[in-house]
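The next block holds one structure in the form of structure tokens; read it before the comments.
Just so we're on the same page: letters track the sequence lines, and every chain starts at 1.
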4 protein chains.
Amino acid sequence: MPRATTRGRPRSPTGGYAPEQTRQALIDSALELFGSRGYAVTSVQEITEAAGVTKGAFYHHFESKEDLLALIHDQFLDLQLAMLREALLRDEDPAARLRELLRALLATTARYQANVTVFYLERRHLTGERFEAMRRKRDEFDRLFLQVIERGIDEGKFRGDLDARIAGLGILGMCAWVHQWYRPGGRYTAEEIADIFSEMALAGLLAERS
Amino acid sequence: MPRATTRGRPRSPTGGYAPEQTRQALIDSALELFGSRGYAVTSVQEITEAAGVTKGAFYHHFESKEDLLALIHDQFLDLQLAMLREALLRDEDPAARLRELLRALLATTARYQANVTVFYLERRHLTGERFEAMRRKRDEFDRLFLQVIERGIDEGKFRGDLDARIAGLGILGMCAWVHQWYRPGGRYTAEEIADIFSEMALAGLLAERS
Amino acid sequence: MPRATTRGRPRSPTGGYAPEQTRQALIDSALELFGSRGYAVTSVQEITEAAGVTKGAFYHHFESKEDLLALIHDQFLDLQLAMLREALLRDEDPAARLRELLRALLATTARYQANVTVFYLERRHLTGERFEAMRRKRDEFDRLFLQVIERGIDEGKFRGDLDARIAGLGILGMCAWVHQWYRPGGRYTAEEIADIFSEMALAGLLAERS
Amino acid sequence: MPRATTRGRPRSPTGGYAPEQTRQALIDSALELFGSRGYAVTSVQEITEAAGVTKGAFYHHFESKEDLLALIHDQFLDLQLAMLREALLRDEDPAARLRELLRALLATTARYQANVTVFYLERRHLTGERFEAMRRKRDEFDRLFLQVIERGIDEGKFRGDLDARIAGLGILGMCAWVHQWYRPGGRYTAEEIADIFSEMALAGLLAERS
DNA sequence: AATGAATGAGTATTCATTCAT
DNA sequence: AATGAATGAATACTCATTCAT
């Protein structure tokens, strides 16, 4: 989700229109504003002002404010799912897989902070089919994530006496919560946090405990 | 456009006004609406309609909509802090203390679901001094929570090589996230979830590991 | 439908509010504007400016612009129906009854010109249940009007070989069309026009023709 | 927001553009929409979508939305005038002439229903010179129509004691109103309705009455 | 001949809040 | 303690029209 570089310049160097830049500038501005102040209190006016285009241009590119919110969710969830699927493909043992997964997850959290915030705090403002579409993708994400635990149990590497779903949701919560307190440039990098969390989670999960 | 007004709530049995009931009805309605739909998209009109009173009554009891949001936060955080302080008072060993804490935390989550949701999703809409007041209480909560870990390390019961803050925030995240998926009447009670989480957390924290 | 006398004075002489005057001023202004320029091109802004109140006051009294249009239709149709029913009550012979009816109809047209214009030109802008409610009243009006012809035929006073419905709709058309060209203060009064129409209609309807 | 564009209409079989077809498709779409929903609430967007072309094409063919409304009026009034002039040319006696006229008038009403509706309900939305041009043609139509009555009186065939203008406007109203209730495929054809109306009108007009 | 990106003024409606009673 | 009329500013969205290509 690269930040806009062309604030307010919807015209291409050749003098003609640059619709793709206009569109991206609007997405970038909206993402930042939704993330920092919230979807409901961000006006279309503010978005277009931040993007340097007129309100008309907004509605040329998007059906509605909610439409743009849905787009932002969709792009983000596609990214998350791609990342998750990639981590699952590598043929490693369950512990290594989990470690990779948390690293990827927290790397995303660190890199796409606004997206993560919008996803956690603003998804409730999607309605109807837009909400359902988001929910389906999110459920797919959860399902794939929990599979990592389940497979570890099936392979006899993780303890079978802990409910996989509860344990998985606990680990997911650890990671999700990071966006509330993580600040780039802080004492630990996202990777280091992921490794601490992995260690904690695996201590609880690994079967070879006394 | 006359509104349907008295669902009868605010009048006392004796026929006079019942200010405390009116006030509480407003708080209850607001809490439910803020929790289910969000603070920003809930109008004072909706709150008063749900409470069965007029808009005038609202402004008789509260300075503004944000004032009511602040009140809701304040009451909830006071409750959380009291619960946390009580759990810390009992002179137990760190592991037992953590277990008690998680039980209390998740009991609150289950019992005050709307409050928890409002706290996590809507606190950003507090401004100025109201935001600061909330932040101070929340920081105090985090501080006390992390102390449990720190004291466990100081007493030599918890591993000293894991950063207490990161580990604590991880555990906090596990618990905070519960409000996203917990449904009363589900397979596990809040207490059972707390115990699973405790076991996982303690496995990661307890020093006596190989 | 008396015209507003208090343009722009929503406050009563005693200094308090005068909601009924505000409401009536809005209805009057809307009626005039809908009649002269059309419902669709009349903005709520224009209505409130003409009435001397703010937009907020408009929405305090009416749900929507269409709601006000519906109200105007309703009041007018109630008036028309009352007039029609009264004319039907008098126990006269069919010819006299028809004459009375046309007089009453054209008197209304002359007196409530804006209402008539709005009814004929703007009723299509009612939607859903509001349209159906208008349609029901209008159908009732047509039904009662056509009954006058049918009863004349049944009583053997009007020719039985002309289709009552077509003849009645023809007479109705004569009268309805008047609003297109009638100007108060013109050569003929509404009553005189009604009498000319009656004579023409009765010539066509009366059975005692060679 | 790319619109669904080419429903294929505007391209000629040879693959090039077919401007006359585009133009006609726009006129047809506009006529139908203006007739069914009204000029003011029909957007250029809707017209072009219904015609399967883009907005640019619209403004290539017409100066403005009002320009197209004027064109529709102009074409319709030319048609009506031609029809009226033809009916007047035939050297018949006044009664036969009136009968022919009503037949022609109602045949038009039945055949060009949308045009008739637009003419009666939407002409008020023409402004300035466009309105004047429409008014001139309409006045010419009325003048010619009333002449039929006047000539009947002059020739001593119609009663001289009824005001020719009022009687004529009555008859015109009968016919104009037909568009409000006529449905093709109903019990009577337009011609039959015309004959009933002629009979009624002539009964009132013919001098040889007792 | 036709496109589609963009504008800018306008629309209906909502809303937190005030205040005289 | 509570009402309800009223405000005024803001909101999402629409629309006729322009213009470079």
Report summary line: dist D:L26:CG -> D:L31:CG (nearest 0.5 Å) comes out at 12.5 Å

OP1 or OP2 of [N] under 4.0 Å from side-chain N/O of [X]:
X: C:T22; N: F:dA6; value: yes
X: C:H61; N: F:dA6; value: yes
X: C:Y59; N: E:dT14; value: no
X: A:H60; N: E:dA5; value: yes

Of the listed nucleotides [options], the one nearest the side chain of [X]:
X: B:K65; options: E:dT3, E:dT17, F:dT17; value: E:dT17
X: C:V44; options: F:dT3, E:dA12, F:dA1; value: E:dA12
X: D:S43; options: F:dT7, E:dA6, F:dA16; value: F:dA16

**Report entry** Partner nucleotide of E:dG8 by Watson-Crick or wobble geometry (both distances under 3.5 Å)
**Finding:** F:dC15

Report summary line: When both distances are under 3.5 Å in a Watson-Crick or G-U wobble arrangement, the nucleotide paired with F:dA1 is none

**Report entry** Flag side-chain contact, heavy atom, 4.5 Å: C:I47 against C:F34
**Finding:** yes

Report summary line: Walking DNA chain F from its 5' end, the first of A:E46 and B:G56 to be reached, judged by nearest nucleotide, is B:G56

Query - Check: D:K65 side chain, D:T42 main-chain N or O, donor-acceptor pair, under 3.5 Å - result: yes

Query raised in the report: Start at the 5' end of DNA chain E and walk down; is the nucleotide closest to C:Q45 or to B:A40 reached first?
Result: C:Q45

Report task. Between A:K55 and C:E66, just flag the one whose closest nucleotide in DNA chain E comes earlier from the 5' side. Result -> A:K55

Atom [atom1] of [X] and atom [atom2] of [N]: how far apart are they, to the nearest Å?
X: C:Y39; N: E:dT11; atom1: OH; atom2: P; answer: 13 Å
X: B:L33; N: E:dA16; atom1: CG; atom2: C1'; answer: 16 Å
X: C:Q24; N: F:dA5; atom1: CD; atom2: P; answer: 15 Å
X: A:D67; N: F:dC13; atom1: CG; atom2: C1'; answer: 13 Å
X: D:L68; N: F:dT17; atom1: CG; atom2: C1'; answer: 15 Å
X: C:F58; N: F:dG4; atom1: CZ; atom2: P; answer: 21 Å
X: A:E49; N: E:dT7; atom1: CD; atom2: C1'; answer: 15 Å

Query raised in the report: So does A:E129 have more than 12 non-hydrogen atoms from other groups sitting under 6.0 Å from CD?
Result: yes

Query raised in the report: Does the pair D:R124/C:E122 count as a salt bridge with the N-to-O cut at 4.0 Å?
Result: yes

Query raised in the report: Contact class for C:T42 (heavy atom, under 4.0 Å): base, sugar-phosphate, or nothing?
Result: sugar-phosphate

